[in-house]
Structure formats: structure tokens, C-alpha cells
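Shown next, in C-alpha cells, is the structure this report addresses.
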Amino acid sequence: MAGSHLLAPGAPQDMAHDQGWITSACFSPHLGHMIGLGFLEDGDSRLGQEIIAANPLEGRNVRLRVASAHFIDPEGGRLRD
């Protein structure tokens, strides 16, 4: 959910442990599940790691895997075909 805060698994859910936030999220028909974009502290070096998206207002926590923003077609082949 957009607005969720990003935390390390097992970390307390407070601003002292906040590592970023989700800016947008939607369903991906290509993948068959939700995807999101966000800002994550030191995100480039954390590809493949699991993190938690916490939204205490909704009472929801979701486990995420950090991926590159262009994970479906990193070489751009679909764009040029």
C-alpha cells in the first residue's frame, strides 16, 4: 500500500528504525501480484533482500523483496521489438 514505511524484518515499528517508504503500488498483470515503487535507504546495494512494508494505520505488514525498478525488461528488448 502506498504510504507504507519500510523496515528491516524484526525491527521495531517506529521512526527511529524507518528505512524508507512506498510511493506507489499496483497490481501487475505480468507477474500476477502487487508491485510497488519506493525510496529505500541504500536501496541499490540491497537488491534481493527481504524487508517489511508496515502500515500501522491499516494494521498491515507485508514482506517484500527489493528489486530493481526495471526488473521486467532491464535490457530494453521489449521496448525495441
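What you see below is based on every heavy atom in this structure, not just the backbone, and it leaves out hydrogens, waters and symmetry mates. Numbers here are sequence positions counted from 1.
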ILVMFWY network linking Leu40 to Val62, side-chain heavy atoms under 4.5 angstrom: yes
CZ-OG distance between Arg60 and Ser4, expressed to the nearest 0.5 angstrom: 7.5 Å
Would you call Ile51 and Arg63 a side-chain contact if the rule is heavy atoms closer than 4.5 Å? no
Would you list the pairs meeting ring pair (Phe, Tyr, Trp, His ring centres under 6.0 Å) in which at least one residue belongs to residues 34-62, sequence neighbours left out? Trp21-Phe39
Would you check if the side chain of Arg65 reaches a backbone N or O of Glu50 as a donor-acceptor pair within less than 3.5 Å? no
So do the side chains of Ile22 and Leu37 get within less than 4.5 Å of each other, counting heavy atoms only? no
Check salt bridge (charged side-chain N to carboxylate O under 4.0 Å, His left out) between Glu41 and all other residues, then give those that pass, not counting sequence neighbours. none
Show your working on side-chain contact (heavy atoms from CB on, under 4.5 Å) between Asn55 and Asn61 and close with a plain yes or no. CA-CA 6 Å; Asn55 188 324; Asn61 291 329; over 6 Å; no
Can you see which heavy atom on Ala53 is nearest to which on Leu64, and at what distance? CB-CD1, 3.6 Å
Is it the case that over 12 heavy atoms from other parts of the model lie below 6.0 angstrom from the CZ atom of Arg46? yes
Which ILVMFWY residues can you reach from Phe27 by hopping between side chains whose heavy atoms are under 4.5 Å apart? Met34
Could you tell me whether the side chain of His17 reaches within less than 4.5 Å of the side chain of His5, counting heavy atoms only? no
If we ignore hydrogens and angles and just use 3.5 Å, is the side chain of Asp42 paired with the main-chain N or O of Ser45 as donor and acceptor? no
Minimal heavy-atom distance between Gly43 and Val66, with the atoms involved, is O-CG1, 4.1 Å
Heavy-atom distance under 4.5 Å between the side chains of Leu31 and Ile35, does that happen here? yes
With side-chain contact (heavy atoms from CB on, under 4.5 Å) as the criterion, how do Gln19 and Leu7 come out once you've worked through the C-alpha distance, each side chain's angles and the decisive distance to 0.1 Å? CA-CA 6 Å; Gln19 297 180 354; Leu7 305 157; 5.8 Å; no
